[in-house]
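What follows is a set of notes on a single structure, which appears directly below.
So you know, we letter chains A, B, ... as the sequences are listed, proteins then strands, and number each from 1. Worth knowing before you read on, the calculation uses all heavy atoms, side chains too, and leaves out hydrogens, waters and symmetry mates. Computed from a predicted structure; not experimentally measured.
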2 protein chains.
Amino acid sequence: MNLKPSKRQQIFEFLCNFQNQYGYPPTVREIASEVGLASPASVQVHLRSLERDGFIERDPNKPRALKLNQPDKGSQLSESTHGESESVSIPILGRVAAGTGVVAFEDREGDLVLSRDMIGSGDHFALKVRGDSMVEMGIFENDWVVARAQKVAEVGEVVICGIFGDEATVKILSKLGEEVELLPANKNYQPIRANHEEVSIFGKVVALVRSF
Amino acid sequence: MNLKPSKRQQIFEFLCNFQNQYGYPPTVREIASEVGLASPASVQVHLRSLERDGFIERDPNKPRALKLNQPDKGSQLSESTHGESESVSIPILGRVAAGTGVVAFEDREGDLVLSRDMIGSGDHFALKVRGDSMVEMGIFENDWVVARAQKVAEVGEVVICGIFGDEATVKILSKLGEEVELLPANKNYQPIRANHEEVSIFGKVVALVRSF
DNA sequence: GCGTAGAACAAACAAATGTTCGAAAATATT
DNA sequence: AATATTTTCGAACATTTGTTTGTTCTACGC
């Protein structure tokens with residue numbers, strides 16, 4: 001069926017490339033022209049869809065007021081620094097702000113130093129793991145998980161998320177859509193199902209650090 | 001005269017902050033409002049000045065079509081080292097020298113950067129984990145274990161050791177004396193018993209790092 | 001004092017942009 | 001084949017935005 005990438009995906013990739021190239025987002029008409037749609041109205045539908053799923057954010061009635069939430073995806077940046085390893089200081093958060101959107105770096109309790117090529121680009125934060133809900137993935141209590149701050153993720157990825165405005169937890173994202181499913185990695189715990197609006201993703205886990 | 005920063009500089013800093021916060025550049029009027037100018041015309045002159053000097057690029061007649069050429073400059077992000085955390089570069093070893101005594105740092109494949117307070121003092125090295133003999137301790141294949149180079153350890157500690165001059169492995173030291181016992185953390189593997197002379201301890205595992 | 005230069009202003013204009021609405025076309029479903 | 005669903009379109013509209021123009025005000029040098 002879908003031999004070619006869907007318009008939705010085409011658009012998203014174009015957004016990433018454009019932002020990368022020009023430093024600011026494209027307009028609706030520029031998108032239309034690029035992906036082969038004749039009317040700005042056609043683009044609107046997809047933008048709404050992308051916004052509903054958290055890939056982008058928009059400010060209504062404002063030109064180019066479009067923010068990418070996952071700057072990495074569409075951009076094939078050169079990750080080959082393989083020579084010098086920049087060390088990055090990652091703030092350890094006591095708790096994650098349960099606000100609607102951004103991850104606020106509250107209660108910084110210290111820093112974790114890692115090399116850039118281990119975690120990739122972006123803003124990162126670290127959390128100390130509480131509980132044993134992820135033991136089957138080798139994530140133990142008192143480990144540190146390092147996450148890249150982003151508000152969307154894909155099925156199968158390990159994410160830091162807040163449910164019902166609760167404290168942040170580590171879970172495996174297993175289903176998306178109107179209803180979101182979050183899986184623990186421990187048979188003794190139950191999967192969590194919740195409405196799309198009740199779950200906020202704070203970041204995607206990219207590394208784990210344990211100190212013996 | 002210039003007690004306060006010049007309007008030009010105010011504007012440039014605002015551009016950086018805005019772009020950082022919203023993901024797209026502000027409009028001329030948003031700039032005016034922010035830096036305390038009442039007319040968009042007033043902002044224009046400064047933008048022209050900034051463009052003339054190469055700080056920004058603009059596309060005429062297009063809203064928000066403004067590119068920062070130096071995204072880092074104006075942004076006073078949290079670069080504070082917040083306390084002190086000395087970062088240590090730990091060599092990643094392809095294999096551990098099977099010599100009787102010291103750990104020679106052969107075949108360095110790269111470095112792992114960690115903060116000193118995570119690993120403590122001493123000389124360290126890192127190994128990539130092969131096999132699943134330690135899964136029950138949450139040490140998975142392709143993880144990195146960081147070890148402090150030392151030739152002795154105590155019962156119960158996780159060590160890097162070589163047996164019969166074999167490749168280095170990660171095990172739990174469980175008995176000392178004439179006969180040494182090394183335990184895997186996996187029911188499918190057998191404990192290893194060997195003579196005191198046949199086992200050489202290279203280091204004690206002090207940290208674990210996993211990259212997703 | 002006089003004149004000049006620069007900064008800022010307000011108002012108006014033209015262009016670009018986001019949005020909406022109904023209809024047409026394409027696609028999927030029964 | 002008939003129907004429902006999705007996608008796209010075209011055109012009009014309201015808003016936002018960049019730009020221009022002429023004016024006012026202040027500071028400075030002669």
**Message:** Given dT17(C), dT19(D), dT17(D), identify the nucleotide with an atom nearest to the side chain of E30(A).
**Reply:** dT17(C)

**Message:** When the axes are fitted on five pairs at both termini, how much does the helix from dG1(C)-dC30(D) to dT30(C)-dA1(D) curve, in 10° steps?
**Reply:** 20°

**Message:** I need the CD-P distance between E57(B) and dG18(D), as an integer number of Å.
**Reply:** 17 Å

**Message:** Tell me whether the side-chain N/O atoms of H46(A) come closer than 4.0 Å to OP1 or OP2 in dT7(D).
**Reply:** no

**Request:** Answer yes or no: is there a donor N or O on one side and an acceptor on the other, between the side chain of E136(A) and the main chain of K187(A), under 3.5 Å?
**Result:** yes

**Message:** Regarding A41(A), tell me which of base, sugar-phosphate or nothing describes its non-hydrogen contacts under 4.0 Å with the strands shown.
**Reply:** base

**Asked** What nucleotide, of dG18(D), dG10(D), dG18(C), holds the atom closest to the side chain of N61(B)?
**Response** dG18(D)

**Asked** Is the backbone of F14(B) close enough, under 3.5 Å, to the side chain of E34(B) for a donor and an acceptor to pair up by distance?
**Response** no

**Fill in**
Per atom distances to the R29(B) side chain, the nearest of dG18(D), dT20(D), dA16(C) is dG18(D)

**Message:** Please tell me if S42(A) has a side-chain N or O lying less than 4.0 Å from either OP1 or OP2 of dC9(D).
**Reply:** yes

**Message:** Could you check whether the side chain of S39(B) and the base of dA8(C) have a donor-acceptor pair of N or O atoms closer than 3.5 Å, going by distance alone?
**Reply:** no

**Prompt:** Which one, dA12(D), dT19(D), dT17(D), comes nearest to the side chain of P40(B)?
**Reply:** dT19(D)

**Message:** From the set dA10(C), dC9(D), dT19(D), return the single nucleotide nearest to any side-chain atom of Q44(B).
**Reply:** dT19(D)

**Message:** Heavy-atom count check: over 12 atoms from other residues, nucleotides or ligands less than 6.0 Å from Y22(B) OH?
**Reply:** no

**Fill in**
Atom CG of D59(B) and atom P of dG18(D) are separated, to the nearest Å, by 12 Å

**Complete:** In whole angstroms, the gap separating P of dT19(D) from CZ of R48(B) amounts to 7 Å

**Asked** Is there a donor-acceptor pair closer than 3.5 Å between any side-chain N or O of E157(A) and the backbone N or O of K204(A)?
**Response** no

**Prompt:** Under the ring pair (Phe, Tyr, Trp, His ring centres under 6.0 Å) test, which residues partner Y189(A), sequence neighbours left out?
**Reply:** none

**Message:** Can a donor-acceptor pair be found, under 3.5 Å and without considering hydrogens, that links the side chain of R64(A) to the backbone of P25(A)?
**Reply:** yes

